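Structure record follows, encoded as structure tokens.
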Amino acid sequence: MRVCVYPGSFDPFTIGHLDVLRDAVKLFDRVYLAVLVNTQKKNLFSIEERLDMVRQVVEQEGFENVVCDSFTGLLVEYAHRVGATFIVRGLRATTDFEYEFQIDAVNRHLAKDIRTIYVMSSPAHSFLSSSNVREIAYWQGSIRGLVPAYIEDKISERLAKQ
Ligand code: PNS
């Protein structure tokens, strides 16, 4: 059985993430969509809130081979725990390459049996990032079409409270 982890901060999960997930569900028998803590980032939503959001998206999309989960710790340890031998990550531009190159080097050092594969984002979404979405929403710009509808509502609710 081909098992992968699609990890990320997903704060929030965007349409670009959904593109990558759509490819992953076709390539793998089981995909663990894992919301992980990135210690380098300040978050808008808690892990539990992000997990709830990705669960809603997976249910709405009808992906039957996706398990939504969260994990605090090393990604490769999580991959071992769930029996995944591949990690899936999205790539948008060369700036992503530098970042991903370093993550891959660390993960290879930690676990020689796990490999990362990369899905190139569609050109229409090459500008899209969670931080851009947070920034646009913060300044009351429209994020319609950049995140799934359920998540758009959650972002509006959160910012209205702030
Ligand atoms: O969506 P992000 O923030 O770019 O995802 C980065 C993430 C969460 C996959 C990465 O920070 C990660 O794997 N964190 C878990 C801790 C870990 O394993 N660190 C070693 C690799 S840098």
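The first residue in the sequence is number 1, and the count goes up from there. Every number for a ligand or one of its atoms is a count from 1 in the order of the listing. Quick caveat: nothing in here was measured; it's all calculated off a predicted structure.
- Between Tyr6 and Phe10, the two ring planes are perpendicular [angle over 60°; tilted spans 30° to 60°].
- Contact atoms of ligand 1 toward Gly73: 15 (C), 16 (C) (distance under 4.0 Å to a heavy atom of the residue).
- In this pair, Phe86 and Phe28 present their aromatic rings tilted. The plane angle is within the 30 to 60° band.
- Here's the thing with Asn38: one of its N/O atoms is less than 3.5 angstrom from an N/O atom of ligand 1.
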Query raised in the report: So Tyr118 and Asp96, side-chain hydrogen bond (donor to acceptor under 3.5 Å, both in side chains) or not? Walk me through it.
Result: CA-CA 11 Å; Tyr118 301 90; Asp96 277 350; over 6 Å; no
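- Under the 3.5 Å distance criterion, with hydrogens and angles disregarded, a donor-acceptor pair is assigned to the side chains of Tyr150 and Asp52.
- Using a 4.0 Å threshold on non-hydrogen atoms, atom 10 (C) of ligand 1 does not count as touching the protein.
- Scanning all protein heavy atoms for the shortest distance to atom 21 (C) of ligand 1 gives Asn107 OD1, 3.6 Å.
- Close contacts between ligand 1 and Lys41 involve ligand atoms 1 (O), 2 (P), 3 (O), 4 (O) [criterion: under 4.0 Å to a heavy atom].
- One option in Gln102, His17, Arg89 has a heavy atom closer to atom 7 (C) of ligand 1 than any other, and that option is Arg89.
- Of all atoms in ligand 1, numbered sequentially from 1 with element shown, those under 4.0 Å from a heavy atom of Leu74 are 17 (C), 18 (O), 19 (N).
- By the neighbour-count criterion of 12 heavy atoms within 6.0 Å, atom CZ of Phe127 is densely surrounded, having more than that number from other residues, nucleotides or ligands.
- Remark: ligand 1 atoms within the under-4.0 Å shell around heavy atoms of Gly8 are 1 (O), 5 (O).
- Protein heavy atom nearest atom 12 (C) of ligand 1, with residue, atom name and distance: Leu36 CD2, 4.2 Å.
- Within the 4.0 Å heavy-atom cutoff, Tyr78 does not count among the residues contacting ligand 1.
- At a heavy-atom distance under 4.0 Å, no atom of Val76 approaches ligand 1.
- The only option from Ile117, Val119, Thr116 that meets the side-chain contact (heavy atoms from CB on, under 4.5 Å) definition with Arg89 turns out to be Thr116.
- Proximity to Val37 (heavy-atom distance under 4.0 Å) selects the following atoms of ligand 1: 14 (N), 15 (C).
- Among the candidates Val58, Val66, Val20, the single residue satisfying the side-chain contact (heavy atoms from CB on, under 4.5 Å) test with Val25 is Val66.
- Residues Leu36 and Pro7 share a closest heavy-atom pair of CD1-CB, 4.2 Å.
- Looking only at heavy atoms of the protein, atom 1 (O) of ligand 1 is closest to Ser9 N, 2.9 Å.
- Nearest protein neighbour of atom 22 (S) of ligand 1, counting heavy atoms only, is Ile103 CG1, 4.0 Å.
- In terms of polar-atom proximity, Leu75 is counted as a contact of ligand 1, with an N or O under 3.5 Å from an N or O of the ligand.
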Under the side chain to side chain contact (heavy atoms under 4.5 Å, CB included) criterion, do Val57 and Leu18 qualify, and how do the steps go?
CA-CA 9 Å; Val57 173; Leu18 185 54; 4.0 Å; yes
